[in-house]
Amino acid sequence: MEPGRPAAAGMGGRALCWLLCLLQAGRAGGAELTFELPESARQCFHEPLQRGLKFTLDFQVITGGHYDVDCYVEDPNGKTLYKEAKKQYDSFSHRAEVAGVYTFCFSNEFSTFSHKTVYFDFQVGDEPPILPDMSHRVTALTQMESACVTIHEALNTVIDSQTHYRLREAQDRSRAEELNHHVSYWSVGETVLLLVVSVTQVMLLKSFFTETRATTGAVST
Amino acid sequence: MAARGGLLGLVLLLLVGAVPRGLGLYFHLGETERRCFIEEIPDETMVIGNYRTQLYDKQREDYMPATPGLGMFVEVKDPDDKVILSRQYGSEGRFTFTSHTPGEHQICLHSNSTKFSLFAGGMLRVHLDIQVGEHANDYAEIAAKDKLSELQLRVRQLIEQVEQIQKEQNYQRWREERFRQTSESTNQRVLWWSIVQTLILVAIGVWQMRHLKSFFEAKKLV
């Protein structure tokens with residue numbers, strides 16, 4: 001192979017790779033993650049997007065404190081697309097007008113001692129087909145295939161609904177367990193407090209009369 | 001000449017096509033930082049995680065694929081805090097595990113870098129993608145292995161989805177039982193505590209009066 005050939009092939013290959021990487025970045029998909037957000041911390045996630053793609057960000061706080069978090073979304077130019085403070089859950093949709101890296105951040109900086117668990121679902125574009133050939137289809141779908149597509153979409157709705165219920169249940173269970181702990185600590189604490197206060201009362205009262213007696217004795221003599 | 005270029009292009013196309021979809025999302029990780037993700041899943045569910053790391057190159061002022069020496073330590077804990085996966089992978093890796101108990105599994109990532117010079121004060125960029133249950137299936141592979149037609153593959157996907165729904169529903173039932181136990185325990189504790197508190201108050205009141213009465217009698221004030 002001539003020396004010039006590998007360089008040319010390498011350059012063309014790199015350009016092709018870059019182009020395909022960009023296409024890959026713009027392809028549909030998404031991420032669904034649940035992460036821990038420590039107190040006074042902020043965590044950011046970034047996603048490169050193509051122009052014209054519609055994306056949706058759903059988030060929900062599952063455990064911690066008052067179950068709220070600050071969230072903001074920025075476009076590649078730094079413009080704030082969405083900014084909310086102390087939200088328990090929300091959903092934000094937007095069509096990407098600029099190609100580039102979009103950033104969304106969750107902030108727990110307002111809280112000094114409660115770490116939170118946050119769930120987010122970042123969906124981009126449409127769901128990709130299970131076989132790459134399906135997207136290059138030229139003929140119409142048969143009845144069986146249309147039925148499959150309908151059932152698939154209905155099942156997607158069911159799964160989304162299940163996720164929603166799972167998150168609500170996790171949140172409620174977290175609150176119930178917190179309540180249980182608070183009741184335990186409070187009962188023990190109040191028992192101790194009660195005993196301490198009653199014994200102190202008696203001793204204090206006794207000390208009043210002991211002093212008065214001594215003073216009275218001193219005055220009389 | 002054209003054939004070689006074409007072949008190279010095809011190879012690159014296949015290679016890039018082989019990059020798992022969804023590795024677009026990334027976050028920054030500090031050198032000693034540990035990032036944990038939680039997956040609440042039913043039992044017998046497969047989870048596949050893909051990650052790719054990039055390190056900031058000061059010369060090119062951009063993030064470049066990390067050196068092969070820099071790896072990530074992946075640790076997965078099951079709901080009982082037992083470690084089910086604890087392995088070190090390279091700068092690009094794929095980890096898989098199947099849950100055997102339903103509940104919250106914790107996936108933790110941190111870099112294995114001990115030398116400060118590797119990071120040079122910068123951050124590591126980690127691209128992460130976690131697929132759970134039916135989304136973890138590679139349908140192209142299933143179609144090739146079982147020789148399924150397109151329609152059969154679609155039906156297979158529906159079957160997998162329904163199975164996932166069933167597993168999730170069973171898990172829901174199990175979780176609801178735990179939730180009910182917690183609520184009933186709280187109810188019991190509140191009831192028990194109210195009774196005990198009343199008894200303690202009465203007992204303390206009686207003790208106080210008797211003690212003070214005997215004290216005043218001794219002091220000849222009563």
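So that the names make sense, note that chain A is the first sequence line, chain B the second, and so on, each numbered from 1.
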Salt bridge present between Glu40(B) and Arg173(A) (N-O < 4.0 angstrom): yes
Candidate pair Leu25(B) and Phe104(A), rule side chain to side chain contact (heavy atoms under 4.5 Å, CB included), full reasoning: CA-CA 11 Å; Leu25(B) 188 82; Phe104(A) 55 98; 3.8 Å; yes
Over 12 foreign heavy atoms within 6.0 Å of CZ, Arg51(A): no
Distance (rounded to the nearest 0.5 Å) between Thr34(A) OG1 and Glu104(B) CD: 8.5 Å
Geometric class of the His46(A)/Tyr26(B) ring pair [parallel <30°, tilted 30-60°, perpendicular >60°]: parallel
Gln188(B), CD atom: more than 12 neighbouring heavy atoms under 6.0 Å: no
Heavy-atom pair with the smallest gap, counting every atom of Thr186(B) and Ala176(A): OG1-O, 4.1 Å
Chain B contact via Ile130(A) - side chain, backbone, both or neither, heavy atoms under 4.5 Å: both
Verdict with supporting geometry, Glu168(B) and Thr163(A), side chain to side chain contact (heavy atoms under 4.5 Å, CB included): CA-CA 9 Å; Glu168(B) 183 78 27; Thr163(A) 304; over 6 Å; no
Which of Ser198(A), Ser187(A), Ala147(A), Cys148(A) touches chain B most, by non-hydrogen pairs under 4.5 Å: Ser187(A)
Flag for Gln162(A)-Gln172(B): side-chain donor and acceptor within less than 3.5 Å: no
Option in Leu179(A), Asp172(A), Leu167(A) with maximal non-hydrogen atom pairs under 4.5 Å from chain B: Asp172(A)
Contact winner vs chain B - Ile62(A), Thr191(A), Val199(A), heavy-atom pairs under 4.5 Å: Thr191(A)
Engaged part of Leu212(B) at the chain A interface, taking heavy atoms whose separation is under 4.5 Å: side chain
Top contributor to chain A contacts, counting heavy-atom pairs under 4.5 Å, from Trp193(B), Phe37(B), Phe179(B): Trp193(B)
CZ on Phe209(A) to CZ on Phe215(B), rounded to 0.5 Å: 7.5 Å
Leu153(B) versus chain A, the contacting section by heavy-atom distance below 4.5 Å: both
Residue, of Met144(A), His152(A), Glu36(A), Glu32(A), that accumulates the most heavy atom pairs under 4.5 Å with chain B: His152(A)
Leading residue by heavy atom contact count with chain B [cutoff under 4.5 Å; candidates Thr103(A), Leu33(A), Leu131(A), Thr142(A)]: Leu33(A)
Distance (rounded to the nearest 0.5 Å) between Leu158(B) CG and Leu155(A) CG: 6.0 Å
Flag if over 12 foreign heavy atoms under 6.0 Å of OH, Tyr89(A): no
Ionic contact status for Arg178(B) with Glu177(A), cut-off 4.0 Å: yes
Leading residue by heavy atom contact count with chain A [cutoff under 4.5 Å; candidates Arg175(B), Gln197(B), His211(B)]: Arg175(B)
Smallest separation among heavy atoms of Pro48(A) and Gly24(B), with atom names: CD-O, 3.1 Å
Atom group of Glu39(B) that falls short of 4.5 Å from chain A, counting heavy atoms: side chain
Heavy-atom contact with chain B under 4.5 Å, split by part of Leu37(A): neither
Any Phe35(A) side-chain heavy atom under 4.5 Å of Phe27(B) side chain: no
Top contributor to chain A interface from Asn137(B), Thr182(B), Leu201(B), Val190(B) [non-hydrogen pairs under 4.5 Å]: Thr182(B)
CD1 on Ile200(B) to CG on Leu194(A), rounded to 0.5 Å: 6.5 Å
Segment of Tyr165(A) engaging chain B (4.5 angstrom heavy-atom cut-off): both
Which atoms of Trp192(B) approach chain A - backbone, side chain, both or neither, heavy atom under 4.5 Å: neither
Proximity breakdown for Arg35(B) and chain A, heavy-atom pairs closer than 4.5 Å: side chain
His164(A), NE2 atom: more than 12 neighbouring heavy atoms under 6.0 Å: yes
